[in-house]
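Letters A, B, ... are given to chains in the order of the sequence lines, protein chains preceding strands, and every chain is numbered from 1. Computation of the quantities below employed the complete heavy-atom set of this structure, encompassing side-chain atoms and omitting hydrogens, waters and symmetry-equivalent molecules.
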Protein chains: 4
Amino acid sequence: MPERIKSKVDDAVLVARRRSQVIGASIQLFGKRGYYATTVREIAERAGVSTGLVYQYFGDKEDILFLALQTVLDAYKERIPRATEGIEGPLMRFRAAVHAYARVIDANIDATVLAYRETKSVGRARRDIIKQKESETNALIEAHVRDCIKAGLFEKVDPELITYQIVMIAHAWALKAWHWAGRLTVEQYVDRNLALLLHPLLTERGRRENLRLVSASA
Amino acid sequence: MPERIKSKVDDAVLVARRRSQVIGASIQLFGKRGYYATTVREIAERAGVSTGLVYQYFGDKEDILFLALQTVLDAYKERIPRATEGIEGPLMRFRAAVHAYARVIDANIDATVLAYRETKSVGRARRDIIKQKESETNALIEAHVRDCIKAGLFEKVDPELITYQIVMIAHAWALKAWHWAGRLTVEQYVDRNLALLLHPLLTERGRRENLRLVSASA
Amino acid sequence: MPERIKSKVDDAVLVARRRSQVIGASIQLFGKRGYYATTVREIAERAGVSTGLVYQYFGDKEDILFLALQTVLDAYKERIPRATEGIEGPLMRFRAAVHAYARVIDANIDATVLAYRETKSVGRARRDIIKQKESETNALIEAHVRDCIKAGLFEKVDPELITYQIVMIAHAWALKAWHWAGRLTVEQYVDRNLALLLHPLLTERGRRENLRLVSASA
Amino acid sequence: MPERIKSKVDDAVLVARRRSQVIGASIQLFGKRGYYATTVREIAERAGVSTGLVYQYFGDKEDILFLALQTVLDAYKERIPRATEGIEGPLMRFRAAVHAYARVIDANIDATVLAYRETKSVGRARRDIIKQKESETNALIEAHVRDCIKAGLFEKVDPELITYQIVMIAHAWALKAWHWAGRLTVEQYVDRNLALLLHPLLTERGRRENLRLVSASA
DNA sequence: TATGAATGAGTCTTCATTCAT
DNA sequence: GATGAATGAAGACTCATTCAT
């Protein structure tokens, strides 16, 4: 139950606009410098508002972080389903979801790093909400894994463990981007890792299907 | 070239003792609360010394973090080789190294999380030193991957990518330990992941060898 | 080029008011206790503002000292010309300038002592700016000396040396005021010193002119 | 009555040696950086002793300053009489005393500046002792002025005022040395100022005597 | 509603002083 | 007597938060 952040302003449209303004600025700054090294003044400046205004829409600095983290995770939850819409076949949908996930992360490296670094900076209760949101994103991937198993394309492995590996692979891209920078694109990175990952997972039917997809896309 | 931290005390033995005292306390606190949320006073208190003493052995607070991060990474670099000493066969040594790595991480979850969260909190030059140290640890694993390839046990895959996956799997244990807590032990976690990971890597000879090792240890 | 002190507030009027408030307090305290023995908290208290406010208008404590010293010297530079306005005759103007100078110093003994004691407490570059300002004040006196020489009232002596003696005499009043306290007023002190000083300087015409002025004022 | 500084060591010879060691270092450092900007550690280092030792011979940091100031003033009191020993004639002795005074100051510019800047840094009671010592030094000069008056070489002027001017002239050399640096030597500076100063003071007999002395030394 | 000046609690850091060896 | 490591009180400075306009 995403606990409500108190605002001193009533107009819901205005609240939404102002908050997204401030959160947008904060994601950039928190991601780049970290939560503590970023001042509310800086956030306000980048958002193009006054310091005082921030406190009309957020209770305190932690509220900003909390909503920023939620915003980041919500973006994942929203974009992955969109990427698989209208795609035929469970394996193809699985591949599309993973690629979408990695692409979202690549487009929001600051935000992803932020989620990693600063989740601990919010209080216990809120941290649990964040973790909950994270699990929901994972569930989006996990559903595709389960579908592939049901369709007899994947062996009967633990879907959670597989999902977990995928998530880690994607996050690793953000966390250690400096490591691969210039050597690999996201798509290449995902493809190679997917190849390794799928190898033991695919059933005979899955293997044929996968081959068809990969060669078709090549 | 690990840049030297200035100490106002000369006695090398004392410096080593005091620093490790303070660093020990700081790893716990930085790991649990983060760098900024931890005060020097708290570090001193937990280390059982006065605030002033800290500044006899460290130039400033960032020095503590820098040395703490180095200490964490040095621990990895030292314990992995020790775990593979006297072990026969490249595949066995590879498995031992991975398990050792995961075990060290499991024993120092705070420290690992610290390395993830706070590397950005040190200045650019020092951050590079830290990253360098990290690469050196990775190289320890990578060497075993190469040995397995040379021995014809692994297919001719990119050793760096494999190493990278192993590192991420191990780190994931620390970063998302709360996810698995109570459901899996480290050893189980590593074994399962290793099984998935090795599947596409092993040559026919490697597969037989691996089977022998796994059934022997069971 | 009087290097600008950064303020976090833009409103120029407010900046001027707040700064003069703080500088006024600082001149008193720095003059009485010295720069290091005065805390920023004390300055804020005496200025009737919060500690934090001080840092909205000054970069650091040294900035306060620097502006305080400049304020003191600017006061001299401004009041001496005002004291000689509308006065006839170079000798009369010279005497008026010296008296004005001494009176300003007498009215700001704390500030003068401050300038003596604490000029060394600001960094090299700023110290040079202060010295420059000091020279400008001296130049105001020196101009009158030159005028008297040109008018044939003073012998052709080194104007700089004479100015220097006057400055020293005036400063001596501030530095060693305790020595004369109760025995001499500033005016008496200046008159006596001027009598001694002028004796060898005056030409025959100057001597007659001086006599006329002194007896007129008596 | 020069209040005694407590020492934890009894051996008088040792106390004298250690104290002069520390005071020597402190005069240099206090003179260059000021009292507050100099740490006890630095003094000890320059004196070639340990920090702890300082507190065996001085009660606290202010004691060091107090003794340092006394040492400076004692040096004046001791060297001026020595410079006039065996010199014939009151005017010659007067001139010798003034030159000696200026030379001592020139040789100890740091110390003189120290006396000016930091006298306020000692407590009230001790400040009075310092001022007393200063007056005693002045008295040495004043005696020569009185002798010259008695001998009919000086007009019957206020000896205190004259002495005061001399003292200021000499101190000005130290305080504003940067102003004259490279343009005048001490001796030139004193001679010129003395010429101006003596002009109104000398009686007819004094004038002849002075001429004789100046031309003889030329 | 929006502003941004003002506040003051809390942090890092220094350094005089002590004291066990 | 001498040392220098250890202490902790105190100061400069920052920044989240408030509030009058």
Side-chain angles (χ1 to χ4, degrees), chain A residues 7-11 14-15 18 36-45 48-64, chain B residues 7-11 14-15 17-18 36-44 48-64, chain C residues 7-11 14-15 17-18 36-44 48-64, chain D residues 7-11 14-15 18 36-45 48-64:
Chain A
S7 168
K8 278 168 186 155
V9 176
D10 290 326
D11 179 347
L14 190 55
V15 170
R18 290 304 199 190
Y36 287 101
T38 302
T39 68
V40 173
R41 205 186 220 224
E42 286 168 336
I43 295 171
E45 230 158 61
V49 299
S50 67
T51 322
L53 182 137
V54 173
Y55 286 86
Q56 303 259 341
Y57 296 93
F58 298 85
D60 58 19
K61 195 184 173 189
E62 209 202 274
D63 280 353
I64 306 175
Chain B
S7 169
K8 276 167 188 156
V9 176
D10 289 324
D11 180 348
L14 189 56
V15 170
R17 182 154 58 86
R18 289 306 199 188
Y36 288 102
T38 303
T39 69
V40 174
R41 176 181 272 235
E42 285 168 338
I43 295 171
V49 299
S50 67
T51 323
L53 179 138
V54 172
Y55 286 88
Q56 299 249 355
Y57 296 93
F58 298 85
D60 58 18
K61 195 184 172 189
E62 210 203 274
D63 279 353
I64 306 175
Chain C
S7 168
K8 275 168 189 155
V9 176
D10 289 324
D11 181 348
L14 189 57
V15 170
R17 182 154 59 85
R18 289 306 200 189
Y36 288 102
T38 303
T39 68
V40 174
R41 175 183 271 236
E42 284 167 339
I43 295 172
V49 299
S50 67
T51 323
L53 179 136
V54 173
Y55 287 90
Q56 299 248 354
Y57 296 93
F58 298 85
D60 58 18
K61 195 185 171 188
E62 209 203 274
D63 280 352
I64 306 176
Chain D
S7 168
K8 278 169 186 156
V9 176
D10 290 324
D11 179 348
L14 190 55
V15 170
R18 290 304 200 190
Y36 287 100
T38 303
T39 69
V40 173
R41 204 184 222 223
E42 285 168 337
I43 295 172
E45 230 157 60
V49 299
S50 68
T51 321
L53 181 137
V54 173
Y55 285 86
Q56 303 259 342
Y57 296 93
F58 297 86
D60 58 20
K61 195 185 173 188
E62 208 202 275
D63 281 351
I64 306 176

Next on the checklist: For a 4.0 angstrom threshold against heavy atoms of chain A, report the outermost contacting nucleotides of DNA chain E in 5' to 3' order.
Outcome noted: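 Range of nucleotides within reach of chain A: dT1(E) to dG4(E).
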Base, sugar-phosphate, or nothing: which does [X] touch, judged by heavy atoms less than 4.0 Å apart?
{"X": "Arg18(A)", "result": "sugar-phosphate"}
{"X": "Thr51(D)", "result": "base"}
{"X": "Thr38(D)", "result": "sugar-phosphate"}
{"X": "Asp11(B)", "result": "nothing"}

In whole Å, I'd like the distance from the [atom1] atom of [X] to the [atom2] atom of [N].
{"X": "Tyr36(C)", "N": "dG11(F)", "atom1": "OH", "atom2": "P", "answer": "15 Å"}
{"X": "Lys61(C)", "N": "dT14(F)", "atom1": "NZ", "atom2": "P", "answer": "15 Å"}
{"X": "Lys8(D)", "N": "dG1(F)", "atom1": "NZ", "atom2": "P", "answer": "13 Å"}
{"X": "Arg41(D)", "N": "dA2(F)", "atom1": "CZ", "atom2": "P", "answer": "19 Å"}
{"X": "Tyr57(B)", "N": "dG4(F)", "atom1": "OH", "atom2": "P", "answer": "12 Å"}
{"X": "Gln56(B)", "N": "dG8(F)", "atom1": "CD", "atom2": "C1'", "answer": "12 Å"}
{"X": "Ile43(A)", "N": "dC15(F)", "atom1": "CD1", "atom2": "P", "answer": "12 Å"}
{"X": "Tyr55(B)", "N": "dG4(F)", "atom1": "OH", "atom2": "C1'", "answer": "21 Å"}

Closest non-hydrogen atom pair, [X] against [Y]:
{"X": "Thr38(D)", "Y": "Lys61(D)", "value": "O-NZ, 2.8 Å"}
{"X": "Asp60(C)", "Y": "Tyr55(C)", "value": "CA-CE2, 4.0 Å"}
{"X": "Ser7(D)", "Y": "Val15(D)", "value": "OG-CG2, 3.7 Å"}
{"X": "Val54(A)", "Y": "Ala44(A)", "value": "CG2-CB, 3.9 Å"}

Item to check | Pairing stems for DNA chain E [at least three consecutive pairs; Watson-Crick or G-U; under 3.5 angstrom] | outcome: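 Stems found: E:2-21 with F:2-21.
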Next on the checklist: Which is more 5' along DNA chain E, the nucleotide nearest Asp10(C) or the one nearest Gly52(B)? Just name the residue.
Outcome noted: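 Looking at DNA chain E, the more 5' nearest nucleotide goes with Asp10(C).
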Item to check | Upstream residue (5' side of DNA chain E) when Glu62(D) and Ser50(A) are each assigned their closest nucleotide | outcome: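 Nearest-nucleotide comparison on DNA chain E picks Ser50(A).
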Next on the checklist: My understanding is that only residues two or more places apart in sequence, or in another chain, count here; which of them pass salt bridge (Lys or Arg N to Asp or Glu O under 4.0 Å) with Glu45(D)?
Outcome noted: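 Salt bridge (Lys or Arg N to Asp or Glu O under 4.0 Å) list for Glu45(D), sorted by chain: empty.
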Checklist entry - Under the side chain to side chain contact (heavy atoms under 4.5 Å, CB included) criterion, do Tyr57(C) and Leu14(C) qualify, and how do the steps go? => result CA-CA 10 Å; Tyr57(C) 296 93; Leu14(C) 189 57; 3.6 Å; yes
Next on the checklist: With side chain to side chain contact (heavy atoms under 4.5 Å, CB included) as the criterion, how do Arg41(D) and Lys8(B) come out once you've worked through the C-alpha distance, each side chain's angles and the decisive distance to 0.1 Å?
Outcome noted: CA-CA 11 Å; Arg41(D) 204 184 222 223; Lys8(B) 276 167 188 156; 3.6 Å; yes
Item to check | Which residue lies more 5' along DNA chain F, comparing Gly59(A) with Ala37(A) via nearest heavy atoms | outcome: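 That would be Ala37(A).
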Checklist entry - Is any side-chain heavy atom of Arg18(D) closer than 4.5 Å to a side-chain heavy atom of Leu53(D)? => result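 Side-chain contact under 4.5 Å: yes.
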